[in-house]
Amino acid sequence: MKVKLLFVFFMLQIYLLAQSSNADEYLSQKQVVTSDMIKAAGIQSLSGILYLADKWDFVSIDGYQKQLSANYLSTFQQQNFVVMLDGQPVDDGIFDVQNINQLPVSVDQIDFVEFYNSPQIVDGEFTENGLISIHTKKPKKNFSVHLYNGIGDQTGDPGPYVFTKYKSQNVDKLGYYLSLNANEAGKDWYIKSAIKTEQNFATDPEINSRVSNLSNSYNKSRMTATYFKFSANVLGGEQQFVLGNTRQYDFFFFKPYGDEIPVNRYFRFWGFTGHFLNQNKLNFDYNLLYSLNELGQWANKQNLDFNLNQEEYYFRLQANYNNKNFNLLAGISHKYILGASPLSKFEKSLTLESFYAQAAIMPNNNFSQNLGVYVVTDGIKNALKAVMSNYFIINRANSIKSNFSYSEKLFSEDANFWYWYMHGYKFNAPDFNAPDIFGNFNTSKTFTADFDYLLKAAPKVNIDVSLFLRQFSDFYVEKQLYQYFPDQSSFYANDMVYTNANLKTAGFQVELNYIMFPTLSHDLFYSYQKDYWGNNVFRDVWKNLPVNKFNYTLNFRPGDDFGIWARLRYISSTIWYDYKYSPVQSASEYKMEVNPLINFDVSVSKWFWRKKIFVNMLFRNIFNQSEEYIPIGVSNTLRYYLQLQLLLDSIL
């Protein structure tokens with residue numbers, strides 16, 4: 001009945017607004033983080049950009065890779081947000097672990113990043129759990145070379161205090177980041193090639209003791225990645241070929257197992273993307289992509305081989321029609337996924353096909369509307385997704401936005417551990433028992449509503465106050481009451497999966513931007529959210545998300561070659577019921593509740609040699625507070641990062 005009413009409402013809106021004019025891009029609910037913002041904040045890794053995404057929450061076990069939740073659209077359990085690199089939807093996730101750091105580009109190559117914060121149709125993807133779209137820079141004409149080097153270190157080295165009461169744990173190295181890219185560009189074409197290597201050290205005692213339970217006396221994860229891109233303006237538009245390859249030795253935290261597993265991980269992709277026949281207001285977009293995710297063995301004490309290969313073949317074709325009255329698009333996509341594990345003698349394929357259409361319309365200069373319908377099928381079941389966005393200008397100073405969505409999600413769309421497990425995949429750890437699954441995995445349903453009031457209080461003051469509602473139905477959530485084993489510094493619990501879980505949550509957000517002077521700007525963000533109805537297990541899982549969050553950012557640029565950036569962050573306490581028994585069993589070493597976080601960061605940037613050399617020093621958590629996000633994760637204090645960028649453009 002809900003679906004029928006939604007269709008009737010959409011058709012009525014289209015009929016009433018049939019005689020419409022061109023709609024604007026501001027209907028998109030997104031935040032854009034630019035290269036200048038990344039430089040000013042001293043960000044060193046791709047996951048570090050999450051510090052700047054106000055409406056995204058993250059937690060981190062090792063301080064490097066992060067689990068994400070976009071604008072309260074999901075918990076941290078199912079990591080199925082969309083990631084795009086230069087217009088390609090790259091499938092970097094496996095078993096609900098997505099690590100955007102393994103994308104084969106470094107932060108100095110980024111032009112801008114778009115964070116889509118609400119359900120909508122973007123480049124053929126329905127963003128029901130958010131979307132991160134990374135765009136790399138277009139090189140300047142002729143040959144150019146860029147070099148990037150970054151290091152990090154944390155205070156806490158015992159140093160001269162080793163024999164005094166001030167002795168502390170030796171927590172020092174945080175990372176080493178190095179990249180080199182060479183480019184060649186002509187009038188209508190360019191080539192980009194890049195290589196990067198990243199190393200991170202598990203020296204924090206909270207994680208090192210657990211990692212050493214399986215690892216062979218090493219505590220460093222490392223990655224090497226390469227990227228190639230060719231772009232040419234032909235066939236009436238820009239055509240791109242991309243190729244990426246990443247190899248990573250890492251400690252893979254597998255939630256059903258409750259521990260980090262040393263893995264040798266491969267991620268490869270290649271594909272074509274672009275648009276063509278850009279004539280007579282009609283043009284076409286396309287994607288053709290192949291990707292491969294592999295989990296393999298990294299030597300460990302139990303000879304545990306976490307083995308799975310996940311291949312994906314993806315194709316999309318979209319037609320766009322634009323004129324002064326309205327914008328229309330319609331498209332189809334085809335995705336074939338193959339999961340295989342030689343050790344488990346497992347092989348299973350999955351086909352997902354999508355059909356979608358969207359209309360952006362403006363009946364007058366003060367009102368715009370975006371209507372979209374998206375249908376997915378796996379050959380057995382179908383799922384409907386729909387979205388409607390509105391923008392109404394009251395007067396020069398006041399305007400209103402709204403976004404409504406209804407989405408059904410097939411269990412097969414996740415293509416995660418639970419999907420492969422239900423089709424025969426077996427995890428081969430000797431002490432791993434089959435999970436308890438209560439009920440059946442069904443098609444989940446989500447309804448979202450967002451309302452924004454925008455006030456331009458003065459030429460340099462902008463305020464955005466928003467209200468939001470989320471309703472989740474027929475979701476599956478995991479619950480594990482971990483048992484702690486001190487002799488191994490590890491956790492274990494049989495995984496319990498509850499299907500048909502429901503939840504309702506609501507909240508509000510406030511954003512303020514104040515440009516006091518051309519050289520000084522202030523940004524403020526506050527968010528409050530709370531669950532108010534649902535199954536107990538779902539409400540317990542939702543406690544992992546903070547109730548209150550506050551960011552205040554100051555950016556001072558007295559000149560175009562020097563800047564000071566500072567941010568104050570507050571995140572309220574979170575509760576992790578999976579670790580309910582940990583305080584007693586670990587003598588309070590691990591707790592169920594993560595304390596509130598108060599963090600103050602300061603970054604100083606300077607350009608040299610006619611903007612060919614960029615240097616940044618970032619001091620994170622300058623108040624030296626305990627900074628942690630999950631009970632079993634690292635607890636960082638004051639730390640600093642230094643980065644150097646060398647930009648040699650048009651050198652031939």
Side-chain angles (χ1 to χ4, degrees), residues 47 50-51 53-79 81 96-98 129-130 204 206-207 210 253 255 258 468 470 472 475 477-482 484 491 493 501 503-509 525-551 567-586 588-600 620-621 623 625-637:
S47 65
L50 271 299
Y51 283 96
D54 289 325
K55 292 188 177 183
W56 287 60
D57 290 285
F58 67 83
V59 294
S60 179
I61 293 178
D62 58 7
Y64 174 60
Q65 53 186 325
K66 297 175 174 61
Q67 295 172 271
L68 310 178
S69 174
N71 201 16
Y72 309 111
L73 295 175
S74 66
T75 68
F76 296 122
Q77 289 192 352
Q78 282 84 50
Q79 293 291 283
F81 54 91
D96 283 326
V97 174
Q98 286 185 256
N129 292 309
D204 190 294
E206 298 297 329
I207 185 173
R210 296 198 317 279
F253 182 78
K255 187 181 186 305
F468 62 86
R470 309 281 184 259
F472 308 96
F475 271 64
V477 293
E478 300 174 55
K479 185 175 184 179
Q480 291 172 279
L481 296 179
Y482 286 117
Y484 178 67
F491 293 83
L503 183 75
K504 293 181 181 179
T505 182
F508 69 92
Q509 298 166 340
F525 175 84
Y526 172 74
S527 175
Y528 171 86
Q529 68 85 27
K530 195 73 172 64
D531 56 293
Y532 64 90
W533 180 88
N535 303 95
N536 289 335
V537 63
F538 207 155
R539 299 188 75 174
D540 288 348
V541 170
W542 199 257
K543 298 294 190 297
N544 298 351
L545 293 166
V547 174
N548 296 281
K549 185 169 64 173
F550 173 82
N551 295 331
R567 168 167 284 199
L568 176 66
R569 301 170 60 232
Y570 168 78
I571 299 175
S572 62
S573 61
T574 55
I575 300 175
W576 299 74
Y577 284 100
D578 284 352
Y579 302 95
K580 180 179 180 179
Y581 302 120
S582 299
V584 174
Q585 295 175 342
S586 68
S588 297
E589 181 179 359
Y590 298 99
K591 300 179 180 180
M592 180 179 69
E593 182 176 351
V594 174
N595 294 327
L597 166 68
I598 300 178
N599 208 27
F600 186 62
R620 196 176 293 286
N621 195 357
F623 291 152
Q625 303 294 310
S626 176
E627 180 184 340
E628 59 181 338
Y629 298 91
I630 184 172
I632 63 167
V634 297
S635 179
N636 288 318
T637 52

Evaluate the side-chain contact (heavy atoms from CB on, under 4.5 Å) criterion for residues V584 and Y484: first the C-alpha distance (whole Å), next the side-chain angles of each, then the deciding distance (0.1 Å), finally the verdict.
CA-CA 9 Å; V584 174; Y484 178 67; over 6 Å; no
Please report the C-alpha distance between Q625 and L597 in whole Å, then the side-chain angles of each, then the deciding distance to 0.1 Å, and finally whether the side-chain contact (heavy atoms from CB on, under 4.5 Å) criterion is met.
CA-CA 8 Å; Q625 303 294 310; L597 166 68; 5.8 Å; no
Could you go step by step and tell me if R567 and N551 meet the side-chain contact (heavy atoms from CB on, under 4.5 Å) rule?
CA-CA 7 Å; R567 168 167 284 199; N551 295 331; 3.9 Å; yes
Evaluation steps, side chain to side chain donor-acceptor pair (under 3.5 Å), between N71 and Q509:
CA-CA 10 Å; N71 201 16; Q509 298 166 340; 2.9 Å; yes
Can you list the steps and then say if R539 with L503 is a side-chain contact (heavy atoms from CB on, under 4.5 Å)?
CA-CA 7 Å; R539 299 188 75 174; L503 183 75; 3.6 Å; yes
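Taken from OH in Y579 to CD1 in I630, the straight-line distance is 4.5 Å, to the nearest 0.5 Å. Atoms CG and CD, from L50 and Q67 in turn, are 11.5 Å apart once rounded to the nearest 0.5 Å. One distance of note links OH of Y570 with OH of Y526; it measures 8.5 Å at 0.5 Å rounding. Going from atom CG of L73 over to atom CG of N129 covers 6.5 Å, rounded to the nearest 0.5 Å. To the nearest 0.5 Å, the span separating CD on Q98 from CD on Q65 amounts to 11.5 Å. Rounding to the nearest 0.5 angstrom, the gap separating the OH atom in Y51 from the CZ atom in F58 is 4.5 Å.
Side-chain atoms of V59 and W576, non-hydrogen and from C-beta on, do get closer than 4.5 Å to each other. Counting heavy atoms from C-beta on, the side chains of F81 and S74 never come closer than 4.5 Å. A heavy-atom distance below 4.5 Å is not found between the side chains of N544 and T574. Y528 has its side chain within reach of V547: a pair of non-hydrogen atoms, C-beta onward, lies under 4.5 Å apart. W542 is listed as a side-chain neighbour of T75, based on a closest heavy-atom distance under 4.5 Å. Residues Q79 and V97 fail the side-chain proximity criterion, which asks for heavy atoms closer than 4.5 Å.
For the side-chain hydrogen bond (donor to acceptor under 3.5 Å, both in side chains) test, residues two or more places apart in sequence or in another chain that qualify with E478 are W418. When the side chain to side chain contact (heavy atoms under 4.5 Å, CB included) test is applied to N535, the partners found at least two apart in sequence or on another chain are A501, N502, V537, F538. Every residue two or more places apart in sequence or in another chain that forms a side-chain hydrogen bond (donor to acceptor under 3.5 Å, both in side chains) with Q480 is listed here: K255, Y482. Scanning for side chain to side chain contact (heavy atoms under 4.5 Å, CB included) contacts around D540 gives K479, Y577, with sequence neighbours left out. Listed by chain and residue number, E628, S635 satisfy the side chain to side chain contact (heavy atoms under 4.5 Å, CB included) test with S626 (two or more places apart in sequence, or in another chain).
In summary, R470 and D531 do not engage in a salt bridge, as defined by a charged side-chain N under 4.0 Å from a carboxylate O. The existence of a salt bridge linking R210 and D62 is excluded, since no basic side-chain nitrogen approaches an acidic carboxylate oxygen closer than 4.0 Å.
The minimum heavy-atom distance linking Y72 with S527 is given by the pair OH-OG, 2.9 Å. Minimum heavy-atom separation, N599 to R620: ND2-CG, 4.1 Å. When every heavy atom of F491 is checked against every heavy atom of S582, the shortest pair comes out as CE2-OG, 3.3 Å. Nearest heavy-atom pair, A70 versus G130, reported as atom, atom and distance to 0.1 Å: CB-CA, 3.8 Å.
Only one option out of T505, D57, N548 pairs with Q529 in a side chain to side chain donor-acceptor pair (under 3.5 Å); it is T505.
Residue pairs meeting the side chain to side chain donor-acceptor pair (under 3.5 Å) criterion with at least one partner in residues 588-597, sequence neighbours excluded, are S573-E593.
The environment of CD1 in I598 is sparse: at most 12 heavy-atom neighbours from other residues, nucleotides or ligands sit within 6.0 Å.
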